[in-house]
Amino acid sequence: MRSDVALRRLDQVSLTELLHTAIQDADPPEVMPPVEGPDGWTADRQAAFLRFHRSRSLAADPVEITFTIVAAGKVVGAARLFPLERAGSAEAGVWIGRSHRGIGVGGAVLELLLAEAREEGFTSLYVSTDPQNAAVRALMARRGVSLVRDADALTAYIDLTAEAR
Ligand SMILES: CC(C)(COP(=O)(O)OP(=O)(O)OC[C@H]1O[C@@H](n2cnc3c(N)ncnc32)[C@H](O)[C@@H]1OP(=O)(O)O)[C@@H](O)C(=O)NCCC(=O)NCCS
């Protein structure tokens with residue numbers, strides 16, 4: 001596993017850096033909910049990206065925990081833990097900038113996010129992905145996690161109570 005990858009709690013300063021990474025290295029649909037208007041990083045979409053994280057993670061009463069993903073000292077993406085109604089479960093959300101994909105960052109992030117989720121007291125981590133997402137399928141297979149079809153998605157609950165691997 002890569003040892004130069006870390007998760008750092010999002011704050012106002014790193015949010016600016018995260019937006020910069022998203023603009024340079026990702027498409028809006030990969031990193032934020034849909035916003036109407038022309039494609040690309042329009043001013044509206046950039047403002048919505050900042051609002052999204054400020055309202056969800058940096059508010060006085062946050063609804064989820066967001067981390068920046070730092071690889072070799074640079075912010076390259078984001079990882080989120082969103083508590084679900086199912087007791088003890090949190091949903092994982094991860095995106096990594098295009099130029100840092102496929103070189104082991106995601107594998108390291110998964111292990112770090114599992115550790116953070118355990119630390120926060122969650123007992124399972126919910127993963128939901130598009131069936132076309134070969135990288136997530138490979139990450140789950142490597143951990144021995146079976147994804148099951150749920151409507152249009154492939155999903156799994158990863159047990160966090162088992163001994164850390
Ligand atoms: C999905 C994502 C987080 C994976 O992170 P990553 O850094 O690219 O993944 P890694 O380099 O650690 O590779 C993980 C595994 O996927 C495989 N993989 C990576 N990219 C792949 C690709 N395009 N096609 C097939 N396999 C791929 C790797 O070979 C590795 O497999 P292994 O463990 O058997 O060696 C990242 O690609 C991403 O941010 N994608 C866009 C947003 C997204 O899809 N988020 C997840 C939504 S659920």
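All residue numbers refer to positions in the sequence shown, counting from 1. Whatever order the structure lists them in is the order used to number ligands and atoms, beginning at 1.
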Shortest protein contact, atom 45 (N) of ligand 1 (heavy atom only): Val94 O, 2.8 Å
Report the part of Arg142 in contact with ligand 1, treating N, CA, C, O as backbone and CB onward as side chain, heavy atoms under 4.0 Å; options are side chain, backbone, both, neither. side chain
Arg54 NZ/CZ over Phe49 ring centroid, <6.0 Å and within 45° of normal: no
Examine Val136 against ligand 1 and note whether any of their N/O atoms are separated by less than 3.5 Å. no
Ignoring hydrogens and geometry, is there a side-chain-to-backbone donor-acceptor pair from Glu120 to Ala117 under 3.5 Å? no
One residue to check: Ser128. Relative to ligand 1, which of side chain, backbone, both or neither has a non-hydrogen atom less than 4.0 Å away? backbone
Proximity winner for atom 3 (C) of ligand 1, if only heavy atoms of Val109, Ile96, Thr129, Thr155 are counted: Ile96
Examine the side chains of Ser124 and Ser89 and answer whether a donor and an acceptor come within less than 3.5 Å of each other. yes
Donor-acceptor pair, Thr42 side chain versus Arg45 backbone, under 3.5 Å? yes
Electrostatic pair Glu91-Arg80, nearest N-O below 4.0 angstrom: no
Side chain or backbone, does Leu139 bring an N or O within less than 3.5 Å of an N or O on ligand 1? no
Option nearest atom 15 (C) of ligand 1 (shortest heavy-atom distance, choices Gly97, Ala138, Gly77): Ala138
Protein contact of atom 7 (O) of ligand 1 - nearest heavy atom, named by residue and atom, plus distance: Gly106 N, 2.7 Å
Atom 44 (O) of ligand 1 - nearest protein heavy atom and its distance: Asn133 ND2, 2.8 Å
